[in-house]
Student: 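Before anything else, here's the structure in question.
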Amino acid sequence: MTRIGTVVHRVGRVESTMDTAQDLDRDGAVAVAEAQTAGRGRQGRTWTSEPGGLYLSALLRPEAPVDRLGLVPLWTGLAVRDVLARLDVEATVSWPNDVLVGGRKIAGTLATSRLEASPRVVVGIGLNVANPLPEEVRVPATRLADHVDAPVAPDDVLEMLLPAWSARYEAFEADPGSCLDDLREACRTLGREVAVRLDGETLRGPAVDVAPDGGLVVEDGGRRTVRAGDVEEVSA
Ligand code: BTN
């Protein structure tokens, strides 16, 4: 069943599909852009969005408990990984929102929530398909076209992504914690030494788990669960 993408709005070139999707109403409605002039990433970063990449956001109206909504960008990353696996491209996820191939970032996810009587979550995916890669990046980047033999276009990926993303959404609505085992298996952050910069302090230690609400559990003189912030992998 297609729960994400029952309605797909093709919006050409926009500032950000995160804004377009905010104006949508129906659960699972999607806005897809050919390019974005002000694409956004986490932590106020820019997401360079030249034609040839896949840039989309969905409006979700989940019934899952509000304290589980932090999982949405994580299982969205798993959906991207599912699609890459179907193309024989092995990917990992890096908490909280990167999808990596060969240690290089191929996709990022972003979610914003409005906790009204029924919560509205806008979740976006930027996936490098055949677009020129940005030069100045925090994590080295890669694109799908460099990992498959045949030419690949954003619409080919979209067609595979919508059912994969829908399946992850359905599973989340049926049992919000159902993605945790897959996350633990796919998340390359776990078992690595990390530094997490928070307001006013930096946590350092091994990342040991993904918490039921999607937070990253770091062992730093005790278990601390991080729900936002920049995570950097550091050598032990
Ligand atoms: C990140 O890695 O920091 C998240 C990147 C998310 C980018 C996507 S592209 C579609 C949607 N529109 C945006 O402005 N951002 C997201």
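Every number for a ligand or one of its atoms is a count from 1 in the order of the listing. Throughout, numbering of the chain's residues begins at 1 and tracks the sequence. Hydrogens, waters and symmetry mates play no part in the numbers below; they use all other heavy atoms, side chains included.
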Student: Could you state the interatomic distance from CG (Leu144) to CG (Asn128), rounded to the nearest 0.5 Å?
Tutor: 9.5 Å
Student: Do you know which two heavy atoms are closest between Ser49 and Gln36, and how far apart they sit?
Tutor: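 In this case the closest contact between Ser49 and Gln36 is OG-NE2, 2.9 Å.
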Student: Is the Trp75 ring parallel, tilted or perpendicular to the Tyr169 ring (thresholds 30°, 60°)?
Tutor: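 The rings of Trp75 and Tyr169 lie parallel, inter-plane angle below 30°.
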Student: Shortest non-hydrogen contact from Gly205 to Val218?
Tutor: O-CG1, 4.0 Å
Student: Could you list the donor-acceptor pairs under 3.5 angstrom formed by side chains in residues 77-91, with sequence neighbours left out?
Tutor:
unit_1: Arg81; atom_1: NE; unit_2: Ala91; atom_2: O; d: 2.7
unit_1: Asp82; atom_1: OD1; unit_2: Arg168; atom_2: NH2; d: 3.1
unit_1: Asp82; atom_1: OD2; unit_2: Arg168; atom_2: NE; d: 2.9
unit_1: Asp82; atom_1: OD2; unit_2: Arg168; atom_2: NH2; d: 3.3

Student: At under 4.0 Å between heavy atoms, is it the side chain or the backbone of Arg45 that contacts ligand 1, or both, or neither?
Tutor: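 Neither; no heavy atom under 4.0 Å.
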Student: Counting non-hydrogen protein atoms only, what is the nearest one to atom 8 (C) of ligand 1? Give residue, atom name and distance.
Tutor: Gly126 N, 3.5 Å
Student: Within ligand 1, which atoms have a heavy atom of Thr109 less than 4.0 Å away?
Tutor: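 Result: 4 (C).
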Student: Can you find a heavy atom in the side chain of Val7 that is under 4.5 Å from one in the side chain of Val30?
Tutor: no
Student: Which of the atoms of ligand 1 are close to Ile125, meaning less than 4.0 Å from one of its heavy atoms?
Tutor: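 Atoms satisfying the 4.0 Å criterion: 8 (C), 9 (S), 10 (C).
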Student: Got the closest protein heavy atom to atom 11 (C) of ligand 1, with its distance?
Tutor: Thr17 OG1, 3.3 Å
Student: What are the atoms of ligand 1, with element, lying closer than 4.0 Å to any heavy atom of Ser16?
Tutor: 12 (N), 13 (C), 14 (O)
Student: Flag the pair Trp165 / Ile125 as yes when at least one side-chain heavy-atom distance between them is below 4.5 Å, and no otherwise.
Tutor: yes
Student: Suppose we measure from atom 5 (C) of ligand 1 to each protein heavy atom; which comes out shortest, and what is that distance?
Tutor: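 Ranked first by proximity to atom 5 (C) of ligand 1 is Trp47 CE3, 3.4 Å.
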Student: Using modelled atom types and a 3.5 Å cut-off, is there a donor and acceptor pairing between side-chain atoms of Ser166 and backbone atoms of Ile4?
Tutor: yes
Student: Among residues at least two apart in sequence or on other chains, which ones pass side-chain hydrogen bond (donor to acceptor under 3.5 Å, both in side chains) with Arg13?
Tutor: none
Student: Tell me: protein heavy atom nearest atom 12 (N) of ligand 1, and distance?
Tutor: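 Scanning the protein heavy atoms, the shortest distance from atom 12 (N) of ligand 1 goes to Gln36 OE1, 2.8 Å.
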Student: For atom 3 (O) of ligand 1, what is the nearest protein heavy atom, given as residue, atom name and distance?
Tutor: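 That would be Arg42 N, 2.7 Å.
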Student: So which protein heavy atom does atom 2 (O) of ligand 1 come closest to, and at what separation?
Tutor: Lys105 NZ, 2.5 Å
Student: Quick one: nearest non-hydrogen protein atom to atom 1 (C) of ligand 1, plus distance?
Tutor: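 Of the protein heavy atoms, Asn97 ND2, 2.9 Å lies nearest.
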Student: For atom 16 (C) of ligand 1, find the nearest protein heavy atom and state the residue, atom name and distance (0.1 Å precision).
Tutor: Arg40 O, 3.8 Å
Student: Counting from 1, what ligand 1 atoms have a heavy atom of Gly39 closer than 4.0 Å?
Tutor: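 That gives atoms 14 (O) of ligand 1.
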Student: Counting from 1, what ligand 1 atoms have a heavy atom of Gly41 closer than 4.0 Å?
Tutor: 1 (C), 3 (O), 4 (C), 5 (C)
